[in-house]
Each structure stands twice: as structure tokens, then as C-alpha cells.
Amino acid sequence: MYTSTGFISWLLRRISGLALVLYLFMHLWVIGAANSGVQVFNDRLNAVQTPLFKLFEVALLAAVVYHALDGIRLLLIHYFDLTEYRKSLFWAVIILSAIITIVGGGAILVIAFTGG
Amino acid sequence: MLTFKLQRWSAIALLVFLTIHMIFMHYVPPFHISFDVVQARLSTPTWKIIDILFLFSVLVHAMAGSYQVITDFESAFNYRKALAWASVIIVILAFVYGAKTIWAFQL
Amino acid sequence: MQNSDVITHDVIVVGAGLAGTWAAMTAAENGVKDVAVLSKIHPLRSHSGAAQGGIAAVLNNVRPVAGTGPRGPLEQIPPGDDPVDSFDLHMFDTIKGSDWLGDQDAIEIMVKDAPDVVIQYEHMGCVFSRTKDGRINQRRFGGHSAPRANFSADRTGHVLLHTIHEQALFHNVHFYAEWYVMDLIIEENIVRGVVAINVLTGDIKMLRAKAVMFGTGGYGQAYKVTSNAYANTGDGVALAYNAGAPLMDMEFVQFHPTGLYRHGFLMTEACRGEGGYLINKLGERFMEKYAPDKMELAPRDLVSRSEQIEINEGRGVMEDGQGIFLDMRHLGREKILERLPEVRDLAIAFAHVDPIEEPVPIQPTAHYSMGGIPTTVDGEVLANANGDLITGFYAAGEVSCVSVHGANRLGTNSLLEASVFGRRAGRAIAEFIKGGAKLHPVPGDPAEKNRKMVQQLFDNDGSELVEDIVQDLKMTMTNKVGIFRDEEGLKSALDDIHKLQERFKNIRVMDKSKRFNTNLSMTLEASHLLTFSELIAAGALNRQESRGAHSRTDFPKRDDENWLKHTMAHKDEDGRPKFSYKDVTLYWDRFPPQERKY
Amino acid sequence: MSNNDTQRTVTVRIQRFNPDVDKKPHMQDYQVKMWPGMTILDALHEIKTHQDGSVTYRRSCRHGICGSCAMHINGRNTLACKTPIINEVKKNNTVTIGPLPYLPVIKDMVVDRTSFWEQYLRVKPWLIPPDDIPEREFRMSQEEVDALHDAEACIMCGACYSSCAVIGLNKKYLGPHALLKAFLRVLDPRDTAPGERLEIVSQADGVARCHTIFNCIDACPKGLNPTQAIETLRKLAQKRQKYEEAKAERQKHLNEPIPS
Ligand SMILES: Cc1cc2nc3c(=O)[nH]c(=O)nc-3n(C[C@H](O)[C@H](O)[C@H](O)COP(=O)(O)OP(=O)(O)OC[C@H]3O[C@@H](n4cnc5c(N)ncnc54)[C@H](O)[C@@H]3O)c2cc1C
Ligand code: HEM
Ligand code: SF4
Ligand code: F3S
Ligand code: FES
């Protein structure tokens, strides 16, 4: 295996992307309960809004944030010919993702445990 | 090339929709989501259009991405026509199902 | 002979450098369907790709700015202005460079074909550096009295090689990459084919052909400090000699003045062509003493000798005093980055010196083999000094000796030679094949003979390591058959070589496997080094004069009366070389011999 | 670095594999005495010629221009002949050398490059020139030449190819080297088949399969940038017709001086 920042970013992007796809279909199923009536919908939704699921949501947030920022990085490189800045952009994405995940994730947890 | 392009366009669309979605679903009160909350929001047509477009772009993006991941393997690459059709069908089915769900909130 | 073991083609070219590939491509272009090229390394790895400086041709695109002298800036020649360069001038420079040993008919052909070949390269996609108005750019080179080195930054050979290889692929030439040719079969003065090892599998096969062409390159690996690739072991000359062909002017080996100190890699002559200085320990531009007019841009033999004198007299640089400084700082960052990027990389990687900021330590390095297989101007190999031919056998490029370089080659003339005479050989081969050439029977089973020979090498299990013999040979050649030579040294060199040949009988091949056995090919290469080194030393011993790259301290003068002739070496029955001599073709009225001063 | 330091003995750890006799690759250690300026290739030469003749690798030019000696040194693809050994000696006094990744091993550091050359052939590396050939050279500006720099300087060593994770998964991908070659021809003002070439690179195994992993740039021992070439090809492929027209227009003036 040949590693470099580019390779790591690609691996993380793949993993996060696939995780998001998995989540997407689960999400569709959860929301899809609306087709079976109000009660079913609210039950299913309550089930996924317990504190445990909130932790899971933070992980999800990390995945989305990283994937999206990395996607932005790629788009920037594509359209503005920034291959020379690939490394600094990679580190920028990592740092930004960490910050957003901590702040955003913290907010989710605070909201979850204080009840908003 | 088509997959590649779909992936980028849908990514740009997602940047908009996903950001809206994340902020409104998770960081704007009420924080506990229930049928009524969703129905209240979806009663405005703008929201309905946004959600449908969001659904469409995320499905395209997700399936184009998955297709790319799978066909990167040489063994799957040889069946890429079939895989492409499968992806298209999944996108259509999921879209119909999702759109139906969004419609369901009109009740 | 088992049939599955025999491969047959119309034409077999050995060597995929510029000479071999040009011949193959041209033959195919001219209607020969079945052309195969064998190369012991992948074609694109051939040493032609290492050439840096340029390829000579009178294009008259560029001239010196009026009144700025021999090292001043260059400018494009505006349309309609008078040309500065001419065929006669290029011829004269080449002849003078060759110290009048070059055959002037061949030189004339090369010079006149040159613009056409360079333009053909350009039309085939070669990316040359350009003048302002979009023509091929030209630079100065040592010994050339006009800017006529056409170049692509400092990777000219690389670009030419890739271009011609692509064209050969386009013309459906079949390449056998990594096939090592180990035997040439000539019987009754008619070529029958070659025996080669498929390096990947270790299988040894007979390859038959109506015509065989050699473009196997030079033999610089016989020296300790060399600019040459590992692959330049003179296989071609040794194989031809062993098969009964003569070799010509082997004693003329060119030493390049600017090999990177200790490593020998080339710092192209373009470093000086672009204006670099040579400086000794005292900070003097010592070329003032030796070539007041041309200075650093005198021909290579002269500059190398001057450096060696400085070194011998204690004015060398570096710890051991064996170096000279090449100073390019005054060229400026921009020019170095644009014109000499690869050279700068080399200096930084291997000498830890950035030419933009510091002078680079260099020393003379073995560089080019003027001698080789004698041929006509159409690449047909001569059987003897009388001019008889070996039917179906062709050669071109550094392995051959047409002879356009005589006693000393001018820079940029050898890419040209390989291209011009490779192309001519290709055309001649096409004529030969279309004229009804026959596939001649192969007597005996040469492949089996070679298999046995290899088996014997494996079984030998002696006590000598091949590398020790090679290193001793390199020391001998460098110290005794190097830039300066004398009788005593040459005799002792011959003695050394004979002893080494004896020691070689007692070698051990460490790797005995079939698959990709480079230990075996290195062993065969070592035997070739021992074969032709003997000819260099013996030829040098016989030639009692100093001419071009051959410099005898005991005979410091050129002697046209006795030695204005080519040395021809034949393998005698006892396995030792037998010498005869061949006249040089001179146009007495146009280019009579003169004293050579720069 | 002191003299003592450069002349010490180092361990060279080589991945050995001869499929005829070995079931799987194994590591073998050799001790080599360094000298100042010694390269990895020099060390290998020392081992091969004095210690173990069966250690196998490709090499020719010794100075980074022929592309033979690309291998995997301390986890990086690079040219053995251009790498001073002193730079690679790790804390445990060891240099680790193996074959280029993702390619079938023929023997030790020698890898099977068949797919590499096949992809090179697929992009039709040769120039397809205009029908009417002038007597003299085609006119090109130095800027047009400079634009081709990376593609023209490529020595086809394969360091990029065998670092690309996509190649690791799928040998049908054209790969950075072949795309760089395609780039050379597409941008060359003299080439008349940009459309055909862009068609080739837009197929499913062409530019779209590059996931911008950048290993190719990081690996290239010549400091070239195949990714940028791929990006450019992607852009041109999307406006193929316009580009073809622009090029046809440029080709009308191939025979005229570049205006200054
Ligand atoms: C560092 C350097 C820089 C140079 N710069 C210049 C320059 O700027 N200008 C210039 O004009 N000249 C230059 N030269 C000289 C010039 O490069 C060579 O003379 C020329 O390229 C020789 O070409 P060739 O085709 O004869 O042989 P090569 O390119 O050496 O090709 C030899 C071929 O023969 C094959 N071969 C050899 N033995 C065997 C065998 N036993 N079996 C199968 N195949 C075999 C090899 O694989 C190879 O393909 C330079 C030389 C060097 C060393
Ligand atoms: C703002 C949001 C997003 C942006 C900007 C974005 C951007 C991108 C980009 C540019 C790629 C191409 C990568 C490549 O070709 O190598 C990609 C791949 C992918 N994306 Fe997204 N994406 C976003 C959100 C999502 C979401 C929500 C999902 C899941 C549902 C997703 C799933 C995928 C998958 C599976 C891939 C393929 C991975 C790969 O090829 O390596 N993306 N994304
Ligand atoms: S791009 Fe660089 S790494 Fe790739 S083949 Fe060319 S020179 Fe080697
Ligand atoms: S490593 Fe491979 S994926 Fe693209 S950027 Fe380079 S070719
Ligand atoms: S030996 Fe030629 S690139 Fe290393």
C-alpha cells in the first residue's frame, strides 16, 4: 500500500462516503414511516432520538463534515488548478473538520443532555 | 466521464442543501423532531421543493459514488454496464419512495 | 535443431537506441513488413536517452549578436538576413575535430543529411526548444564554429529517443525488450542471425534473419570514471569481432572534460556552451593557456588534456586534487533553470552543490568510443581493409565506425551520426530485402552451443569474482590507457589484460537461476570488456603518434606521414588481434590536413 | 555529517522473491560499507557483485534519466540511482528496499510492467501530424513548448503508476504516465487528433477514474505533476469540440513565424 496525505484523504473520503450512503438509506427508511401513519412515525423517530443515538449523530457529523470539506477541497483543486497546494489544503481540511466536529458535536450533546 | 460529472454537480448541490438540512434539523429549535414539526415545515412549498431537490441530489451523489467505488475493482469494472443500470434503478426507486414520504406529510 | 527454438524475421536489429530504432523504423517505413528489434534493456532505457546537449545541424536559425565575441549572446537570424553557418563550415569543424582521421565522404553525407534528419525529428513530434519566432533554437558547442546544436533543454537525447521509439511502434516494428544477444552468426562472410537469451525466462534461442543490424552503442564501461550507462559494455563490438568482423580505430576513446567529480556523470558540454568557466585551484581560467581563442569551447580532447595537466601539476581542487571547478554562477538563476535544469538536479543530488550558488567539482570522464565496426556510408559492414562487405550485416551509431569522428568526436555529432546513419542503414536494408535477399541456412546448432557455454559458466565455480576482474580492468584502462599514454604503460596494460583474461577462466557466477539472471549477463558483459580492451591497448601501442583523443607522451606530435590511416583489428587464429591499416578518405583540395590549433 | 559517519556500515534490508523457488517474499539483510556520495544503486551493485549475485534489479544510466531503477525504498517509490543512501538510513541503521508496489514481481526488485506499457500504447503515444508537411520545422512558441514540459520530461519510470491506489485495484485504468503522454499529444499544436485522444481518455477507465489521490505527484522522482495534466485533460474533454476547433485554427499557422 502506498501512503501519503493524498492517499489518507482518499481513504477517509471513501469510508465516510460509504458510511453516509448506508446512513442515507437507513434514514430514508426511518422517515418512510410517515407513510404508515403518524403514530408509527413518531415511535420510530423517538427511538432514534435517544442520547445513545445522539452520540452516533456526532460520528455522523464528523463524517459529513470531513467528507464535505474534502469534497470542497477537491472541487477547488479541480476548478482552480491547486494541485501544488494539495498538502496544505489537506491539513486545512483535517483541522477545520476537527473544529467543526467538536463545536457542532458538542452542541448536539449539550442540546441532547440538557433537553435544549 | 458522466459519472464523474454527476458526482461533482450533485456535490455542489449538496453543499447547499446539506448545509441547510443540517442547520435546520439539528441546530434550530425545536430539537426534538416529531411528525407535527415536520408537517409544519413541509406545509410551505419552498421547503417541499428544497427537500425533493435535496433528496434527488443526495441519491444521485450516493449512487454515483457507490458505483465509482465498486467499479474501481477490476472484477466489477467488467460488469460496469449492469452496475450502472442497477444504480439508476436504485436511484429511481429510492426517489419515488422518498418523494412519497415527503408527500405523506400533507395528511 | 528444434523448430520451436528458432525465431525467424526478415530483419533483426540489435539495439534500440537512436541508431537501431531509426534503422528499424526506416526499414519498416520503406516496406519491410517483418522487422524485429532486440534490446537487452527496454528500448526507452537505451543510453541515447542520456544525451543532454544537442544534435548538430546547419539550420541557420540563430547567430551570435554582432560584436559580442565568441561567447556573447545569440539571437535569431531575421528572415532574409545572411546565414552564418554552412555545410562546408560544419564539415571543416568536424574534420578538424577528428584531427583529419575522419573519412571526409562520410562526413559530407552526415553534414548534408543533418538538417533533414533534425527536421524529420521535428515533424515526428520531437519537442525542441524554440527561438522567438518559433524556429528550433540552437546553442554553441565545443569545436563548432557556429551555433548549430539543436536542443531540447538539456534532455535532447531523451526527447529524440522517445520520439523515434513512438514512431517505430507506429510502424509496427516488433520489439523484443530485455533479450540479451550473446552471439552473432556469420558464416562464409554471410550473416545468418543471432543467438539471444530471453532474460525473463532464461531461454536461449536462435533468431534467424536475412539481415542483421547492430546499433548496440558504446564501450565506456571499460573505464573507472565514466559517463556511460552500465549497459555500455561494448557487447556489439566484441560479438562482431568474435564472429570474424574487423574493428576499426578502437584506440580512440573520448574523455569528456566535465564529468561530475567522483561519479563521472556528465555535466553536459552545454554548461560551457551556455558560458560556464573552468577554474583551477588558484582560481585561474586555465584554458587561456591552452586554447586562447576557443577557451572552454575547444574540442573535448584538448580540454580534457588541459584539465589533466592542471591536475597532474598540482592545481586540481578537492581533497585529492583530482577535480576542477566548473563555474556557472555568472549565468544566473534564470538561464540555469531554463537551459540546464537536469544538470542542476544532478549537481545537487550527487555533489550537494547548487550551480546557481557554487562552482561544481568535475573531472575528465570516459565518454565516447570513436572506434567500432567499420561500415560504408550505408551501414554495410566491411569485412576487411580492402572494402569487401559482409553480406547482410549492418551497423550504425556508436558501435560503428564510418568514420565521421576520426580521432575525436565533436559534441552533438554523435546523436546526429546515430540518426543519419541509422536511417541510411534502414534504407539500405529495405533495398537489400526487396532486392531478394535470402534466408541463409544456419550451420550446426549455435543456440545449443551457447546453452552449453552458459552451463559451463555455471558449473565452473571458480574462485574469482567477476566484479574484481572488472574493477582491475577499469583501473588498468584508466591509468594506463587513459588520457595520456606511453609505450611502457601500454605494454604493461596489455600484460594486465592478458592476465585478467586468464583469471576470467576461473570465475564463479553466483546466481545460477534461469529467471531474470542479470548476474549471467553481467558476466558475459565482463568477457566482452576483456575482449575489446585488449584491442584498445594494442591499437594504442601500435599507433606511435598523438592524434585527437589518442595522446602519447612519448610521441607527442601528429605524424601524417606514417599514421594518417585507420587501424583495423582482426581476430587471428590464436585469438590475439592482428592489425592492418586502411586509408582515410580525404578531399585533398578542400580539406587538406593542417595543424590543429584552437 | 562527519567522515566517520559516512563511512560506517549500514544494513540494507531487501525483499527477496523468486517465484520459481519461493512461496512468498521474504526479507534478507546485507551489510554494506558506505562511502561519501554512495547511492542506493551503488549499494545494490556492491551487494550483487560481491555478496549475493542473485539480488536482482534493473538499472542502466546511473543518473536518473533512463527510468530503469524505480523501486520502493523505505516506503517510497523513487529511483535508486538518484537517492544517496545516507539520506535513507533510518534510526536502526537500516534501509529497506523492495519492488514497486501493486505490480506482479518477476524477481526481487524486478516487476512485470506489461500493463504499464499496454496503457502507454493505448493512448497512441506517437504524434499524428498534419497532412501537409512543410519543408522546414513547424513553428511553435517557447510558451507552447513550456506547456509540454512535464509530459516531455517524463522518463516512464513507473514510480507514479505503481503508487496510484487505483492501479492497485484496477489495471484497466490508463494511469498517470499514459495520461501524461496523452496530454503531451493533445496539447502539442502539431497533433491533429486531439478529438480522438480526448475520446480515449474520457472512457470509463480514463481520466474519470483518477480520484485525485496525488500519490503520483509525491512519487515522481522527476518532480512532475501528472495530476495537473489529468485535470487539464478532464477540462478539455468537456469542451472537446471547441478545443478541436481552436486547435484546427492554430494549425493553419503552423508554418508561419510566431508574432512577437
Ligand atoms: C552522458 C552522455 C551524454 C551525451 N550527450 C550527447 C550529446 O549531447 N550530443 C550527442 O550528439 N551525443 C551525445 N552523447 C553520445 C550519444 O548519446 C551516443 O553516442 C548515442 O546515443 C549512441 O546511440 P546508439 O543508438 O548507437 O546506442 P545506444 O543508445 O547506446 O543504444 C544501444 C542499444 O543496444 C542495446 N544492446 C547493447 N548490447 C546489447 C546486447 N548484447 N543484446 C541486446 N541489446 C544490446 C541496448 O539495449 C541499447 O538499446 C552522449 C553520451 C553520453 C554517455
Ligand atoms: C456537501 C456535501 C458533499 C460534498 C461536497 C461531496 C463531494 C464529493 C466529491 C467531490 C466526491 C468525489 C470523490 C472522488 O471522485 O474521488 C464524493 C464522493 C462520494 N460521496 Fe460525496 N459529497 C458530499 C456529501 C455526500 C453525502 C451526503 C454522501 C452520502 C450519502 C456522499 C457519498 C459519497 C460517496 C459514496 C462518494 C464516493 C467515494 C469515492 O469515490 O471515493 N457524499 N463526494
Ligand atoms: S510521471 Fe514521473 S513517476 Fe511517472 S513515469 Fe514519468 S517520470 Fe516516472
Ligand atoms: S495517484 Fe492516481 S488517482 Fe490520480 S492523482 Fe495520481 S493518478
Ligand atoms: S539507472 Fe537510469 S534511472 Fe536509475
Side-chain angles (χ1 to χ4, degrees), chain C residues 41-42 44-47 49-50 59 79 118-119 122-125 127-137 152-153 155 157-159 162-163 166-167 169-170 200 229-231 262-263 265-266 342 345-346 349-351 465-468 470 509-519 522, chain D residues 18-21 36-37 39 45 48-50 52-68 82-84 106-107 110 113 117 121 124-127 129 133-142 144-145 148 152-153 155-156 184-185 188 190-191 223 256-260:
Chain C
I41 46 184
H42 186 278
L44 291 178
R45 317 294 181 215
S46 298
H47 197 56
L59 290 187
V118 171
I119 297 293
E122 204 276 341
H123 291 164
M124 292 187 306
V127 183
F128 284 104
S129 297
R130 298 287 167 156
T131 63
K132 277 209 181 62
D133 64 354
R135 285 174 285 175
I136 296 173
N137 207 349
S152 177
R155 46 177 166 270
H158 163 81
V159 175
H162 281 245
T163 305
E166 290 152 5
Q167 291 297 315
L169 290 171
F170 174 69
L200 174 61
Y230 276 121
R262 263 183 186 252
H263 291 271
F265 312 131
L266 200 65
E342 301 273 340
D345 274 3
L346 282 180
F350 295 110
L465 284 182
V466 178
E467 180 69 3
D468 294 337
V470 169
V509 181
M510 288 188 266
D511 187 359
K512 300 188 194 338
S513 62
K514 277 197 91 181
R515 173 187 283 261
F516 220 97
N517 190 336
T518 47
N519 199 195
M522 284 165 82
Chain D
N18 177 352
D20 289 341
V21 291
T39 63
H45 185 78
K48 182 172 185 72
T49 54
H50 282 123
D52 185 348
S54 69
V55 171
T56 305
Y57 51 91
R58 291 186 174 104
R59 88 283 181 268
S60 183
C61 71
R62 307 182 296 137
H63 65 265
I65 192 68
C66 76
S68 303
K82 256 191 113 175
T83 311
I106 290 174
K107 186 172 171 183
V110 177
R113 289 164 174 276
W117 294 119
L121 275 179
K124 304 191 177 169
W126 47 82
L127 182 87
I133 298 277
E135 215 164 88
R136 293 283 303 219
E137 65 266 51
F138 293 113
R139 299 296 181 107
M140 262 170 94
S141 69
Q142 184 60 36
E144 285 169 324
V145 169
L148 304 176
E152 172 235 325
I155 59 173
M156 291 289 156
L184 175 72
R185 295 308 174 208
D188 191 321
R190 297 165 294 182
D191 191 83
E256 296 160 20
I258 303 288
S260 50

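Just so we're on the same page: letters track the sequence lines, and every chain starts at 1.
Between the OG atom of D:Ser68 and the CZ atom of C:Arg45 there is a distance of 5.0 Å, given to the nearest 0.5 Å. Taken from CZ in C:Arg155 to CD in D:Glu152, the straight-line distance is 4.5 Å, to the nearest 0.5 Å. Residue D:Asp20 holds its CG atom at 9.5 Å from NZ of C:Lys514, rounded to the nearest 0.5 Å. Separation of atoms CE (C:Met510) and CG (D:Asp52) is listed at 7.0 Å; rounding is to 0.5 Å. Separating the CD atom in D:Glu137 from the NE2 atom in C:His123 is a distance of 7.5 Å, to the nearest 0.5 Å. Rounded to the nearest 0.5 Å, atoms CZ (C:Arg130) and OG (D:Ser141) are 9.0 Å apart.
When each of D:Cys61, D:Ala153, D:Pro257 is scored by its heavy-atom pairs under 4.5 Å with chain C, the top score falls to D:Ala153.
D:Ile155 touches chain C through backbone and side chain together, each having a heavy atom under 4.5 Å away.
Between the D:Arg139 side chain and the C:Asp133 main chain, a donor and an acceptor come within less than 3.5 Å of each other.
Looking at residues two or more places apart in sequence or on another chain, you find a side chain to side chain donor-acceptor pair (under 3.5 Å) between C:Thr518 and D:Lys48. Annotation: side-chain contact (heavy atoms from CB on, under 4.5 Å) contacts of C:Asp345 (sequence neighbours excluded): D:Lys82.
One side chain, D:His45 or C:Glu467, offers a donor N or O that lies under 3.5 Å from an acceptor on the other.
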